[in-house]
Amino acid sequence: MIENEFKIMLTKEQYERIFREFSWDEEISQTNHYFDTENLSLSEWRITVRVREIEGEFFLQMKLPTDREFARVELEQKLDGLPENIWGPALSAFSGVDGLPSVKRLGRLFTKRLVKRFSGAEIDLDMSEYFDKRDYEAEIEFTDENEARRLLEMIRGMIGESAANEVCKGKIHRFLDEFRAQKPFT
């Protein structure tokens, strides 16, 4: 599956403003357990490996780069539990990318997500917690880029920003920045 999305980092006040604006279709609590090598080589290759935990179920997910700015290939398979390590050849078999290294669990990022669906796009309003940090973002996931851009402009209007940055760092990069600052490998 190809994932297309715009992202906007929010302040707590902007998050609350958007929260009050909609009647939300769904609320999801999920935990992403991130994996990488000791030297974070997968991140350098723009490959994300995570196990997403939702209501006691675990899903191995990989995100791989594409040649489109706002898109990534996303793969998923159900797991029986949460591993501490994932063997490189298993990742290669799952993704079709030869020669991937074995990875270990780095930590977790918890997200409370509110979802508002539109035709061709949805707004995901996220509050995430990792290490001792909390942040807020709006993601617009889409199959219809015109609808997504309309929603992006609507959100910009709500938060009072005419040039919000829809190419902000994703959760994995914010997590890794904090990981490097707080818990570097020894």
Side-chain angles (χ1 to χ4, degrees), residues 1-34 36 40 42-44 46-50 52-54 59 61-74 76 106-182:
M1 168 176 95
I2 300 288
E3 176 188 58
N4 299 296
E5 65 184 5
F6 298 126
K7 297 174 178 281
I8 303 172
M9 291 304 300
L10 304 169
T11 65
K12 182 178 181 183
E13 293 75 23
Q14 291 168 329
Y15 172 92
E16 291 170 349
R17 195 172 310 139
I18 295 169
F19 172 81
R20 290 188 301 269
E21 191 69 28
F22 295 104
S23 174
W24 297 93
D25 297 320
E26 185 176 12
E27 181 178 324
I28 302 166
S29 292
Q30 61 193 26
T31 301
N32 289 335
H33 301 271
Y34 289 113
D36 208 327
L40 306 177
L42 291 184
S43 174
E44 291 177 15
R46 293 190 57 229
I47 296 174
T48 299
V49 176
R50 69 183 178 204
R52 179 166 281 172
E53 179 182 355
I54 301 175
F59 303 89
Q61 298 178 330
M62 288 185 72
K63 291 187 177 189
L64 306 168
T66 69
D67 57 354
R68 293 188 57 219
E69 183 178 2
F70 300 110
R72 295 181 75 195
V73 173
E74 187 170 313
E76 178 178 278
L106 304 179
R108 69 174 196 82
L109 179 145
F110 170 78
T111 300
K112 176 183 168 189
R113 169 170 284 181
L114 299 166
V115 180
K116 179 65 178 171
R117 293 181 185 86
F118 299 84
S119 179
E122 72 180 37
I123 298 171
D124 298 328
L125 187 64
D126 293 347
M127 179 202 61
S128 296
E129 297 174 340
Y130 47 104
F131 301 105
D132 294 325
K133 190 170 181 97
R134 177 179 286 177
D135 66 30
Y136 306 89
E137 81 180 306
E139 294 183 1
I140 300 172
E141 296 191 23
F142 62 91
T143 56
D144 179 341
E145 188 171 337
N146 290 330
E147 177 66 2
R149 290 197 180 278
R150 183 187 73 77
L151 293 173
L152 183 62
E153 289 307 314
M154 180 175 54
I155 288 175
R156 285 176 170 165
M158 281 182 214
I159 63 175
E161 292 185 20
S162 60
N165 180 6
E166 69 258 23
V167 193
C168 71
K169 286 184 178 181
K171 287 178 184 67
I172 180 65
H173 297 292
R174 298 190 317 262
F175 172 89
L176 287 175
D177 286 349
E178 199 65 22
F179 175 82
R180 285 181 191 104
Q182 293 195 17

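The shown structure was predicted, so the numbers you read here are calculated from the model rather than taken from an experiment. Along the sequence shown, residues carry numbers from 1.
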Asker: So R72 and N4, do their side chains get closer than 4.5 Å, heavy atoms only?
Answerer: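 Side-chain contact under 4.5 Å: no.
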Asker: Between F175 and F131, does the ring centre distance come in under 6.0 Å?
Answerer: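 Yes, the ring of F175 comes within the 6.0 Å limit of the ring of F131, centre to centre.
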Asker: Would you find a donor on one side and an acceptor on the other, under 3.5 Å apart, between the side chain of D36 and the backbone of L42?
Answerer: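 Pair found, side chain donor or acceptor close to backbone of L42.
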Asker: Please round to the nearest 0.5 Å and tell me the distance separating atom CD of E139 and atom CD1 of I155.
Answerer: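 The CD atom of E139 sits 10.5 Å away from the CD1 atom of I155.
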Asker: With L114, which of D126, D25, L125 fulfils side-chain contact (heavy atoms from CB on, under 4.5 Å)?
Answerer: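 So the option named by the test is L125.
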Asker: What I'd like to find out is whether the side chain of R17 reaches to under 4.5 Å of the side chain of I159, using heavy atoms alone.
Answerer: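 The answer is yes; the side chains approach within 4.5 Å.
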Asker: Would you call E76-R52 a salt bridge at under 4.0 Å N-O?
Answerer: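 A salt bridge is absent here (no side-chain N lies under 4.0 Å from a carboxylate O).
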Asker: Would you call E5 and K7 a salt bridge, taking side-chain N to carboxylate O under 4.0 Å as the test?
Answerer: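 The answer is yes: the pair qualifies as a salt bridge.
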Asker: Looking just at side-chain N and O atoms, do Y34 and N32 make a donor-acceptor pair shorter than 3.5 Å?
Answerer: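 Side-chain D/A pair, Y34 to N32: present.
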Asker: Can you find a heavy atom in the side chain of D124 that is under 4.5 Å from one in the side chain of E141?
Answerer: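 A side-chain contact under 4.5 Å exists here.
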Asker: If the threshold is 4.0 Å, N to carboxylate O, is there a salt bridge linking E26 and R117?
Answerer: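 Yes, E26 and R117 are salt-bridged.
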Asker: For the CZ atom on F110, are there more than 12 heavy atoms of other groups (residues, nucleotides or ligands in this structure) within a distance under 6.0 Å?
Answerer: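 Counting other residues, nucleotides and ligands, CZ of F110 exceeds 12 neighbours.
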Asker: Looking at side-chain heavy atoms only, is the closest gap between I28 and T111 below 4.5 Å?
Answerer: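 Not touching, per the 4.5 Å side-chain cut-off.
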Asker: Output yes when E137 and K171 qualify as a salt bridge under the 4.0 Å nitrogen-oxygen rule, no when they do not.
Answerer: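 Salt bridge present between E137 and K171.
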Asker: Is F19 close to L10 at the side-chain level, that is, under 4.5 Å between some pair of heavy atoms?
Answerer: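 Not touching, per the 4.5 Å side-chain cut-off.
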Asker: Passes ring-ring contact (aromatic ring centres under 6.0 Å, His included), F6 versus F142? Steps please.
Answerer: CA-CA 9 Å; F6 298 126; F142 62 91; 5.0 Å; yes
Asker: Could you go step by step and tell me if R180 and L40 meet the side chain to side chain contact (heavy atoms under 4.5 Å, CB included) rule?
Answerer: CA-CA 10 Å; R180 285 181 191 104; L40 306 177; 3.4 Å; yes
Asker: Assess the residue pair R174 and E178 against the criterion (salt bridge (charged side-chain N to carboxylate O under 4.0 Å, His left out)); give the C-alpha distance rounded to whole Å, side-chain angles, the decisive distance to 0.1 Å, and a yes or no.
Answerer: CA-CA 6 Å; R174 298 190 317 262; E178 199 65 22; over 6 Å; no
Asker: Is H173 close to S43 at the side-chain level, that is, under 4.5 Å between some pair of heavy atoms?
Answerer: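 They are in side-chain contact.
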Asker: How long is the straight-line distance from CG of L152 back to CD of E147, given to the nearest 0.5 Å?
Answerer: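 Taking CD in E147 and CG in L152, the distance rounds to 11.5 Å.
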Asker: Roughly how far, to the nearest 0.5 Å, is the CE atom of M9 from the CG atom of D135?
Answerer: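 Those atoms lie 4.0 Å apart.
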Asker: Report the residues that fulfil side-chain contact (heavy atoms from CB on, under 4.5 Å) with F22, sequence neighbours left out, ordered by chain and then residue number.
Answerer: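 In terms of side-chain contact (heavy atoms from CB on, under 4.5 Å), with neighbours along the sequence ignored, F22 is linked to I18, W24, K116, F118, I123, M154, M158.
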Asker: When you look at R134 and M127, which way does the side chain to side chain contact (heavy atoms under 4.5 Å, CB included) test go after all the steps?
Answerer: CA-CA 7 Å; R134 177 179 286 177; M127 179 202 61; 3.6 Å; yes
Asker: For the residue pair Q30 and E53, establish whether any side-chain heavy-atom pair is separated by less than 4.5 Å.
Answerer: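 Side chain of Q30 against side chain of E53, heavy atoms only: no contact under 4.5 Å found.
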Asker: Please evaluate residues Y136 and Q14 with respect to the criterion side chain to side chain contact (heavy atoms under 4.5 Å, CB included), reporting the C-alpha separation (whole Å), side-chain torsions for both, the decisive distance (0.1 Å), and the verdict.
Answerer: CA-CA 9 Å; Y136 306 89; Q14 291 168 329; over 6 Å; no
Asker: Hey, mind stepping through Y130 and R108 against side chain to side chain contact (heavy atoms under 4.5 Å, CB included) and telling me if it holds?
Answerer: CA-CA 6 Å; Y130 47 104; R108 69 174 196 82; over 6 Å; no
Asker: Minimum heavy-atom separation for I54 to S29, with atom names?
Answerer: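 Where I54 meets S29 most closely, the heavy atoms are CG2-O, 4.0 Å.
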Asker: If you round to the nearest 0.5 Å, how far is CD1 of I140 from CD1 of I8?
Answerer: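 It comes to 5.5 Å.
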Asker: Looking at side-chain heavy atoms only, is the closest gap between M62 and I47 below 4.5 Å?
Answerer: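 Yes; the side chains approach each other to less than 4.5 Å.
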Asker: Would you call K112 and E129 a salt bridge, using N to O less than 4.0 angstrom?
Answerer: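 Salt bridge between K112 and E129, a charged N being under 4.0 Å from a carboxylate O: no.
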